[in-house]
Every structure is written in structure tokens, then in C-alpha cells.
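As C-alpha cells, the structure follows; a few thoughts come after it.
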There are 2 protein chains.
Amino acid sequence: MQTNQELDIESTANVLKLLGDKTRLTMIKIMSEHECCVCEFVDLFEMSQPAISQHLRKLKDGGIVKETRRSQWIFYSLNPSSSFYSFITTVIRDLPSQQYKLDELEVQGKRICCD
Amino acid sequence: MQTNQELDIESTANVLKLLGDKTRLTMIKIMSEHECCVCEFVDLFEMSQPAISQHLRKLKDGGIVKETRRSQWIFYSLNPSSSFYSFITTVIRDLPSQQYKLDELEVQGKRICCD
DNA sequence: TGTTCATATAAGTATATTCTTATATAATAA
DNA sequence: TTATTATATAAGAATATACTTATATGAACA
């Protein structure tokens with residue numbers, strides 16, 4: 001049920017700039033498959049926790065991800081309320097699934113689960 | 001006849017970074033509607049000729065536009081041979097047409113035509 | 001040939017981006 | 001309450017980006 005609303009060039013450029021970083025683009029693809037918490041991202045990327053936090057902050061400031069606290073963890077996921085939600089899912093559609101990365105975390109016992 | 005080949009995350013991020021600039025994104029949308037020469041871009045954007053030239057250089061280095069010299073002018077257009085061609089046309093599909101800008105140039109007698 | 005017009009490149013500058021380390025905040029558990 | 005764990009923020013540094021002006025190149029034409 002995609003509406004194909006016309007998008008504004010400037011705000012689209014801003015969203016594309018957010019996606020135009022390897023780390024953030026990978027994060028977005030991961031979140032399109034599963035919500036994910038900060039420490040999982042830290043384990044997935046060889047990068048400090050503040051660096052991860054800062055990338056997530058940019059995505060949140062851009063309104064394209066949302067956060068949910070679940071006890072001590074904060075889970076990030078794509079924000080389906082964003083006016084760019086369907087745009088983003090289209091853009092990342094043909095990127096390779098990152099599921100294997102989460103599977104690796106699982107094997108290492110580093111996957112966070114709040115069920 | 002889109003093949004939907006799987007795209008590499010890193011090179012996709014690089015293409016998205018190229019699109020993630022208001023000037024370049026507008027240029028790309030314009031080129032998706034018409035080929036365009038450098039001096040037309042200079043007239044369309046309030047920006048120096050070298051600035052325009054440098055943006056076009058980045059797009060060319062990224063392989064997503066191509067150039068064709070026609071007498072003293074160099075016309076730029078989307079490169080249909082790029083592995084990102086269909087990706088890019090999808091990304092810009094719902095952006096507002098920039099045809100009106102070219103129409104304005106035409107009215108001002110600034111449109112370059114080599115027919 | 002020399003001049004003009006279109007475009008590219010070089011060099012420099014201001015600002016933005018993306019990290020780092022150090023520290024603050026906030027929830028949980030002993 | 002205190003310690004621990006998860007996350008965010010602050011400050012600073014290295015690098016990248018996007019302009020500017022000056023100059024080079026290259027085609028067209030008198």
C-alpha cells in the first residue's frame with residue numbers, strides 16, 4: 001500500500017546523505033530485518049560505542065529510526081511513521097541480507113533477547 | 001526489464017553519498033529528464049562554473065553520468081551502462097520534475113541546443 | 001593566427017563529518 | 001546504597017567536503 005507521494009528534493013538529499021555511509025547503511029539494512037540494540041551494533045561493527053551511538057543519533061534526528069527501551073537496553077528499528085519509510089525500504093531492497101551477522105552474534109551468545 | 005541484481009553495500013553507500021547532496025541530486029533528476037551541458041547547470045544553480053564542474057566530476061568518477069562533447073559544449077547525462085542505473089532511476093522516481101527549470105532557461109534563451 | 005567561449009584543474013579556505021577518549025546518565029542487581 | 005552494565009554526551013583531532021578565485025585547456029571562428 002505504497003502511496004508514492006512526491007518527495008521534496010532537499011529532504012530526500014538529507015535522507016540519502018544519512019544512507020550514504022557504509023556503517024549507517026548496514027545498520028539500516030539490519031534494522032529492516034530485525035530491531036537491534038546498541039551493544040549488538042557495537043559487537044557487529046569494529047567501532048567504539050560512542051561512534052555507534054552517534055550514528056544512531058543522526059538516524060534518529062533524521063526521523064528514520066525509532067528507539068524503544070526494554071529494561072537496560074535500547075532497541076532501534078526503522079520508523080514506519082517516517083514519510084521516508086517506504087522510500088528507504090525500496091532503496092535497501094536489493095542489498096544483501098545481513099541476517100548472517102545476527103546469526104553469528106547468536107552463536108557467540110551475544111544476541112540480546114527480551115522475550 | 002530490471003534485473004534486480006544484488007548490490008554491494010559499500011559501493012551502494014558511495015552512490016548514495018553522491019546523491020546525498022541537494023545540488024547533485026537535482027542535477028541527477030534533471031539529467032534523468034534531459035541531457036544538459038555545463039553552462040546550463042551554471043545558469044540553473046546559483047553557483048560558480050568550477051563548483052558545477054567539480055560536482056559533475058564526482059558523478060563521472062562514480063560512473064553514474066557520462067559526457068558527450070558536441071562542438072564547444074559538453075553534455076552530461078545519466079550513464080545507462082552503470083550498474084546503478086536502474087537503482088538511481090528508482091531512487092529519484094518520486095522527486096518533483098525539474099522540467100520547469102529547463103523551460104525557464106528556454107524562455108530566457110539560455111537553453112543550448114545542438115540539433 | 002589570435003580571440004572568444006566552454007569547460008577543467010589547481011590551490012586555498014571554511015565547514016562538516018567521523019572518529020577518538022573521557023565522562024555523564026540511567027537502569028539493574030547485589 | 002553501591003557496583004555494574006548500557007547508553008549518551010562532550011570535547012577534541014584528523015580528514016573530507018564544498019565552495020571560492022585564478023589559471024589552464026581546448027574548440028570555434030574571425
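Quick note on labels: first sequence line is chain A, next is B, and so on, each numbered from 1.
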Sub-3.5 Å donor-acceptor pair from the side chain of Lys29(B) to the main-chain atoms of Ile92(B), do we have one?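 Such a contact is found between Lys29(B) side chain and Ile92(B) backbone.
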
Closest approach to the side chain of [X], judged atom by atom: which nucleotide of [options] is it?
{"X": "Pro50(A)", "options": "dT7(C), dT17(D), dA22(C)", "answer": "dA22(C)"}
{"X": "Ala51(B)", "options": "dC19(D), dT7(D), dA8(C)", "answer": "dC19(D)"}
{"X": "Ser71(B)", "options": "dA28(D), dT20(D), dA8(C)", "answer": "dA28(D)"}
{"X": "Arg57(B)", "options": "dA6(D), dT9(C), dT7(C)", "answer": "dT9(C)"}
{"X": "Ser48(B)", "options": "dA28(D), dT7(D), dT20(D)", "answer": "dT20(D)"}
{"X": "Lys58(A)", "options": "dT21(C), dC19(D), dT18(C)", "answer": "dT18(C)"}
{"X": "Met47(A)", "options": "dA18(D), dT7(C), dT20(C)", "answer": "dT20(C)"}
{"X": "Val38(B)", "options": "dA28(D), dT7(D), dT7(C)", "answer": "dT7(C)"}

Atom [atom1] of [X] and atom [atom2] of [N]: how far apart are they, to the nearest Å?
{"X": "Glu40(A)", "N": "dA6(D)", "atom1": "CD", "atom2": "P", "answer": "11 Å"}
{"X": "Lys17(A)", "N": "dT17(C)", "atom1": "NZ", "atom2": "C1'", "answer": "9 Å"}
{"X": "Leu18(A)", "N": "dT18(C)", "atom1": "CG", "atom2": "C1'", "answer": "14 Å"}
{"X": "Leu56(B)", "N": "dC19(D)", "atom1": "CG", "atom2": "P", "answer": "12 Å"}
{"X": "Asp21(A)", "N": "dT17(C)", "atom1": "CG", "atom2": "C1'", "answer": "9 Å"}
{"X": "His55(A)", "N": "dT9(D)", "atom1": "NE2", "atom2": "C1'", "answer": "16 Å"}
{"X": "Gln54(A)", "N": "dA13(D)", "atom1": "CD", "atom2": "C1'", "answer": "13 Å"}
{"X": "Lys110(B)", "N": "dC5(C)", "atom1": "NZ", "atom2": "P", "answer": "15 Å"}

Using a heavy-atom cut-off of 4.0 Å across all strands, would you classify Gln72(B) as base, sugar-phosphate, or nothing?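 Answer is sugar-phosphate: Gln72(B) comes under 4.0 Å of backbone atoms only.
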
Mind checking if Phe45(B) touches a base, just sugar-phosphate, or nothing, with heavy atoms under 4.0 Å?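 Touches nothing.
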
Heavy-atom nearest nucleotide on DNA chain D for Glu46(B) versus Glu67(A): which residue maps closer to 5'?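 Upstream on the strand: Glu67(A).
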
Which comes earlier along DNA chain C counting from the 5' end, the contact point of Arg69(B) or that of Thr23(A), where each point is its nearest nucleotide?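 On the 5' side of the pair lies Arg69(B).
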
Salt-bridged, Arg70(B) to Glu35(B), with N to O below 4.0 Å?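 Salt bridge: yes.
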
Is any NZ, NE, NH1 or NH2 atom of the basic residue among Glu40(B) and Arg111(B) found under 4.0 Å from an Asp or Glu carboxylate oxygen of the other?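 The answer is yes: the pair qualifies as a salt bridge.
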
For Asn14(B) and Glu10(B), which I'm curious about, is there any donor-acceptor pair between the side chains at under 3.5 Å?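 No.
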
Does a donor on one side chain sit under 3.5 Å from an acceptor on the other, for His34(B) and Gln98(B)?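 No, Gln98(B) and His34(B) have no side-chain donor paired with an acceptor closer than 3.5 Å.
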
